[in-house]
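Since this is a predicted model, take the numbers as computed values, not measurements.
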Amino acid sequence: MAVDILYFAWVREAIGTGAEQVTPPDTVVSVADLIAWLSGRSEGHRRAFADPDRLRAAVDQRFVPLDAAIAGAREIAIFPPVTGG
Amino acid sequence: MAVDILYFAWVREAIGTGAEQVTPPDTVVSVADLIAWLSGRSEGHRRAFADPDRLRAAVDQRFVPLDAAIAGAREIAIFPPVTGG
Amino acid sequence: MIRVIVQQAPIDTSVLLGALELPGAGGVASFTGLVRADDGVTVLDLEHYPGATEAALTDLATAASDRWGLIAAVIVHRVGRMAPGERVVFVGTAAAHRASALDACAFLIDRLKTEAPFWKREERGADARWVEARDADEVAAARWRADRTSDRPD
Amino acid sequence: MIRVIVQQAPIDTSVLLGALELPGAGGVASFTGLVRADDGVTVLDLEHYPGATEAALTDLATAASDRWGLIAAVIVHRVGRMAPGERVVFVGTAAAHRASALDACAFLIDRLKTEAPFWKREERGADARWVEARDADEVAAARWRADRTSDRPD
């Protein structure tokens, strides 16, 4: 099923876009699976996702650990640790 | 030697004045001695100083415990615990 | 009263501070974060995750309100490009007593640092870099995670 | 920058807060104490010990500046008669990092409560009474007396 993917900060810059729609295969169960699968889309994706320890994620605008399931998600965001305030 | 005595808050109200000059005898060594000695000056003094636990003092504008010596003091203030802020 | 704003415009702290002085409030605490003017930064550029940001800030303000019985909690965070000395964030709290207002204010800024989706990019002349998250911020936020009550009396 | 003011006039918090935003400041914290509007008080009358008050407040501001390396510390305390909702006291601090500003601000208001010679008299219509000192204020002030460093990172 199609899902909207959002990228922020240097993840967005490395990939070259802030949003894309993808349809991952059924083998992609968790956010971590999604990241691994997205890595194959381009050199930018590969660079952005080279070190998953530096990545955080939100599913439908709620922060989740990378092992969270993505079943039923409409919007998944992948980004670096936050640095606001 | 003459010393200026200042009173604040309900101590001032009970005594009926905010300031007076007194010359305590040499037997008055500490602030506590002074308070006991001043108690004899009027019914207002006696009431104000009835419970020394409720009193605080400053010698030359510095807070001191009631057993502090008053030798050389120019200004001694006697007042309730502070309640600012 | 809970108010959460994410804005491009400069932050007017005097209006925000005044608005916290509601009936019943005995104490109002505030924290203002500024772009440091002393470390060579020429521009701070702040990116955020629209929608998720407001939700995260509202969650934090609600949590603080519940935990400390606040009369008001306000969080205003600026996004976009700003210059050294400009205000990045304002957090304000009002409570019947000072300890609640002060603790809740510290809680909000500590937690905002690790839980709200903002990202800072610093420019120093032609050089630009994304700010790295700091371990110290995680430690500060973790202080509040345990359901410990304040060690100060109210 | 240390500034201590005891005044009859109303306190203008917006001017005071803005003046704390000095070069190098990354965080500005403030606390404003208000006459509670919800407990039947019609007038709060504040007496102080001229001279000794300013000295005590200056000592506190200096101690906070030294302990937290502040860029600025401001204490403004009103005296005389005031109405519910009016500002009694403003404490503001500026530091390079937020923890120093927040901790120093809490320190100043906690210590001011037990160490500065002010006395509050509350009027409720025709009834007037001097406010009693609270044990809780002594406990809050004592938290800061030990030379403990903050448990929050800077």
Side-chain angles (χ1 to χ4, degrees), chain B residues 2-22 30-32 34-35 38 43-85, chain D residues 4 6 11 31-36 41 44-60 75-80 82 87-91 105-122 128-138 140-141:
Chain B
V3 58
D4 291 317
I5 312 288
L6 303 181
Y7 306 118
F8 294 101
W10 54 255
V11 174
R12 173 181 54 72
E13 286 187 335
I15 292 172
T17 183
E20 59 186 338
Q21 198 171 59
V22 299
S30 68
V31 175
L34 178 69
I35 288 171
L38 288 168
E43 172 58 20
H45 287 79
R46 194 193 59 72
R47 273 192 294 122
F49 298 153
D51 182 1
D53 282 352
R54 299 183 66 203
L55 300 174
R56 301 292 181 269
V59 170
D60 292 331
Q61 307 204 346
R62 292 281 154 187
F63 287 76
V64 295
L66 297 192
D67 61 3
I70 62 166
R74 294 183 190 185
E75 179 180 297
I76 299 173
I78 303 169
F79 44 78
V82 302
T83 57
Chain D
V4 160
V6 179
I11 297 174
F31 175 80
T32 307
L34 306 164
V35 182
R36 292 266 298 282
V41 170
L44 184 71
D45 197 353
L46 251 148
E47 181 170 333
H48 78 122
Y49 180 176
T53 316
E54 291 81 354
L57 298 180
T58 302
D59 284 354
L60 283 179
I75 306 173
V76 181
H77 205 297
R78 197 171 168 196
V79 292
M82 50 207 96
R87 298 164 191 142
V88 181
V89 62
F90 173 89
V91 170
C105 183
F107 164 92
L108 285 174
I109 187 63
D110 281 348
R111 293 278 291 255
L112 183 157
K113 290 252 176 194
T114 61
E115 295 182 25
F118 294 100
W119 297 274
K120 279 180 184 151
R121 188 169 156 279
E122 291 177 343
R129 69 170 187 87
W130 291 95
V131 173
E132 292 283 331
R134 298 164 65 243
D135 289 342
D137 287 333
E138 288 292 339

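Two residues are said to be in side-chain contact when any heavy atoms from C-beta on lie closer than 4.5 Å; D:R129 and B:W10 fail this criterion. Using a 4.5 Å heavy-atom cutoff, the side chains of D:R121 and B:E13 are in contact.
Contact annotation for B:F63: only side-chain heavy atoms (C-beta onward) come within less than 4.5 Å of a heavy atom of chain D. Looking at D:D45, neither its backbone nor its side chain comes within 4.5 Å of chain B, counting heavy atoms on both sides. In this structure, chain B has heavy atoms under 4.5 Å from both the backbone and the side chain of D:E132. Contacts of B:R54 with chain D are made by side-chain atoms alone, with heavy-atom separations under 4.5 Å and no backbone atom involved.
Among all heavy-atom pairs drawn from B:T83 and D:V131, the shortest one is CG2-O, 3.3 Å. Shortest non-hydrogen contact noted between D:A55 and B:R62 is CB-NH2, 4.3 Å. D:P117 approaches B:V82 most closely through the heavy-atom pair CA-CG1, 3.6 Å.
The residue among D:F118, D:W119, D:F31 with the most heavy atom pairs within less than 4.5 Å of chain B is D:W119. The greatest number of non-hydrogen atom pairs below 4.5 Å with chain D, out of B:P81, B:A58, B:P80, is found for B:P80.
Side-chain atoms of D:H77 come within 3.5 Å of backbone atoms of B:G85 as a donor-acceptor pair (strictly under, hydrogens ignored).
Between B:F8 and D:Y49, the two ring planes are tilted [angle within 30° to 60°].
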